[in-house]
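Since the model is a prediction, treat every value here as computed from it, not as a measurement. By convention in this document, chain letters (A, B, ...) are assigned in the order of the sequence lines, proteins followed by strands, and residues within each chain are numbered from 1.
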Number of protein chains: 2
Amino acid sequence: MNRLVDMQEMLSQATTLEELQTFVEQLRSTYDLEHLVYHSVNSTGDQYAALTYDPKWAERYVEKDYARIDPVVQGCYRLFHPIDWKSLDWSTKTARSFMGEATQAGLGNQGFSVPIRGPSGQFALFSINHRCSDDTWATYTNERAADLLLISHYMNEKALQIEGNANRPAARALSPRERDTLTLLATGANRASIAESLNISESTLRVYIESARLKLGASNTTHAVALALSHGMIVV
Amino acid sequence: MNRLVDMQEMLSQATTLEELQTFVEQLRSTYDLEHLVYHSVNSTGDQYAALTYDPKWAERYVEKDYARIDPVVQGCYRLFHPIDWKSLDWSTKTARSFMGEATQAGLGNQGFSVPIRGPSGQFALFSINHRCSDDTWATYTNERAADLLLISHYMNEKALQIEGNANRPAARALSPRERDTLTLLATGANRASIAESLNISESTLRVYIESARLKLGASNTTHAVALALSHGMIVV
DNA sequence: CGTTGCCTCGCTATTTTTGGGGAGGACCAA
DNA sequence: TTGGTCCTCCCCAAAAATAGCGAGGCAACG
């Protein structure tokens, strides 16, 4: 019975990006789908995709930078929940012509996407695609949405983990005082008021800002706060 | 058979926060769990929780601001995937004493949490809690993780929708130039270099910074960048 | 017992940002 | 046409941040 467990098992053994490609193909046949895409963009703009689309379509998509007009991508960037493609806005001319081209490339009429947000501004999209009637599709998604949502998250985790192995030298951890300082700076307080609320002199405060800045490799305070925020080192 | 469909049905009919409370209680019995919590914090710091814990414990938790030391909350703030409580760091003294108190309050030894990030820096935590052996718990979570992950997202969507009805005047949208400006500021560039890279005068640049600051209600540039970042208005 | 990291404070001078002000042109929608 | 929102530029004076420096105390680690 348990497709989900099988898939998790398979995923847990993957150690390379190639294996993730194999995984999505396996996923497609196991869940009996027309197509399936995992697409990740990290904060530095690096992209990675594992998909079952016709390679020519994928190539054209990248070449034409279709992500800019694809209603699925555009919609998911500003949405935060799994969504059926039908509920997106396909009314514009560009969207319609894009859909026409996609259909030509073998995409089915039905789709469902899961936006996933990870650390440091990473964003991934997990989409399934099929050709069938609305009713059949409703049954499909009801049956599989839970599984696929879970898989999409674990797949993203795995992809990040694999990519993370070829990683950049992580910023050093911040000391408690440094975190306090950056947190308060992020709230818009100035040095004088922060020093007061932390009960230290402004001189001391400056040392924290400076050391945090150096640790994070930031070029100024605003940069340091932005880095700490997007790395989850502080929370506002 | 289908608990999940029943729960989705029940959730879709909820229109008030009270009904969400009823929903988590129903969820607890349907999924046979010790406890269950949905806790949301939006960008303005407003909090909402629906939970099955002893009200006294919830009250004490809020009063003592335990979210600051709760390893589950702290862990999930910096993690982006569903996580078993066992894999968190319980080694510090404060964490251990916190856990002791939680156990006193009736919490089970096992837990599983799903961090959920929504629009404008909204953050929610969906946790399940139970008292059982590790093996039993592994079986539990395997069986239910997919359902609960799906439910957690739909519940968050619902909670946002309900709260959204009683909404605040959101920060005004930023113009493209304002976004450019804040984005570059977040990378640590100073005004001179940003003006150069945007091919405008530093005077013009200052107008953007200032108007963005006013729109966001920020007290200074760093604050504006932090707000724009945590509201997802810019991405670094 | 030395090193390392953290917390604390002080100093100087320079550079940058901030908070106001005004002003013209483009564009779009009511 | 008028009003709104952008985009662009300029001025000034005051406030704040920055880049360095040095230096003592404390706790933990080896």
Side-chain angles (χ1 to χ4, degrees), chain A residues 91-93 169-229 233-234 236, chain B residues 68-69 89 91-96 169-229 231 233-234:
Chain A
S91 63
T92 68
K93 210 187 296 177
R172 283 160 66 206
L174 299 176
S175 78
R177 279 310 212 190
E178 287 159 356
R179 272 198 303 277
D180 292 345
T181 302
L182 292 188
T183 303
L184 288 169
L185 281 170
T187 68
N190 60 17
R191 292 176 166 184
S193 62
I194 296 176
E196 193 184 357
S197 77
L198 291 181
N199 264 307
I200 54 177
S201 77
E202 206 177 315
S203 313
T204 306
L205 186 72
R206 290 179 181 192
V207 177
Y208 297 147
I209 299 175
E210 187 66 6
S211 58
R213 198 177 62 74
L214 291 175
K215 279 183 178 176
L216 295 170
S219 50
N220 58 36
T221 303
T222 300
H223 193 195
V225 169
L227 286 173
L229 264 181
M233 293 166 147
I234 63 172
V236 184
Chain B
R68 295 225 168 264
I69 59 164
D89 178 19
S91 62
T92 68
K93 212 188 298 177
T94 49
R96 290 214 161 271
R172 284 161 64 208
L174 299 176
S175 78
R177 278 311 212 191
E178 287 159 355
R179 270 199 303 277
D180 292 345
T181 301
L182 292 189
T183 304
L184 289 169
L185 281 170
T187 68
N190 61 15
R191 291 178 168 183
S193 61
I194 295 176
E196 193 185 357
S197 76
L198 291 181
N199 264 308
I200 54 177
S201 78
E202 206 177 314
S203 312
T204 306
L205 185 72
R206 291 187 46 192
V207 177
Y208 299 146
I209 299 175
E210 187 66 5
S211 57
R213 198 178 62 75
L214 291 175
K215 279 183 178 175
L216 295 170
S219 51
N220 58 37
T221 303
T222 300
H223 193 194
V225 170
L227 286 173
L229 265 181
H231 289 204
M233 292 165 149
I234 62 172

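To the nearest 0.5 Å, atoms CG (A:Leu184) and NE2 (B:His223) are separated by 11.0 Å. One finds the CG atom of B:Leu174 at 9.0 Å from the OG1 atom of B:Thr183 (value rounded to the nearest 0.5 Å).
For B:Ser219 (side chain) and A:Gly188 (main-chain N/O), a donor-acceptor pair under 3.5 Å exists by modelled atom type. Side-chain atoms of A:Arg213 do not come within 3.5 Å of backbone N or O of A:Thr221 as any donor-acceptor pair. Not a single donor-acceptor pair under 3.5 Å links the side chain of B:Thr222 to the backbone N or O of A:Leu185.
More than 12 heavy atoms of other shown residues, nucleotides or ligands fall within 6.0 angstrom of atom CD in B:Glu202.
Applying the side-chain hydrogen bond (donor to acceptor under 3.5 Å, both in side chains) test to A:Arg179 and every residue at least two apart in sequence or in another chain returns nothing. Partners of B:Asn190 by side-chain hydrogen bond (donor to acceptor under 3.5 Å, both in side chains), not counting sequence neighbours, listed by chain and number: B:Ser193. Partners of B:Arg191 according to the salt bridge (charged side-chain N to carboxylate O under 4.0 Å, His left out) rule, which considers only residues two or more places apart in sequence or in another chain, do not exist here. Not counting sequence neighbours, B:Ser197 has no partner by the side-chain hydrogen bond (donor to acceptor under 3.5 Å, both in side chains) test. Not counting sequence neighbours, the partners of A:Ser175 by the side chain to side chain contact (heavy atoms under 4.5 Å, CB included) test are A:Arg177, A:Glu178, A:Lys215. Applying the side-chain hydrogen bond (donor to acceptor under 3.5 Å, both in side chains) test to B:Ser203 and every residue at least two apart in sequence or in another chain returns nothing.
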Exercise for the section: Determine, stepwise, if the pair B:Leu216 / B:Leu182 fulfils side-chain contact (heavy atoms from CB on, under 4.5 Å). Expected result: CA-CA 11 Å; B:Leu216 295 170; B:Leu182 292 189; 3.8 Å; yes
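We find that CZ of A:Arg179 is positioned 13 Å from C1' of C:dC6, with the value rounded to whole Å. Straight-line distance from the CG atom of B:Asn220 to the P atom of D:dA14: 21 Å, rounded to whole Å.
Look at A:Ser175 and you won't find any side-chain N or O under 4.0 angstrom from OP1 or OP2 of C:dG5. B:Arg213 has a side-chain polar atom (N or O) that falls below the 4.0 Å cut-off from OP1 or OP2 of C:dG19.
The stretch residues 204-212 of chain A touches DNA chain D through A:Arg206, A:Glu210, each having a heavy atom under 4.0 angstrom from the strand. Less than 4.0 Å separates DNA chain D from at least one heavy atom of each of the following residues of residues 189-203 of chain A: A:Asn190, A:Arg191.
When the local axes at the two ends of the helix from C:dC1-D:dG30 to C:dA30-D:dT1 are compared, using 5 base pairs at each end, they differ in direction by 60° after rounding to 10°.
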Could you go over nucleotides 28-30 of chain D and give all protein N or O partners under 3.5 Å, atom names and distances?
none

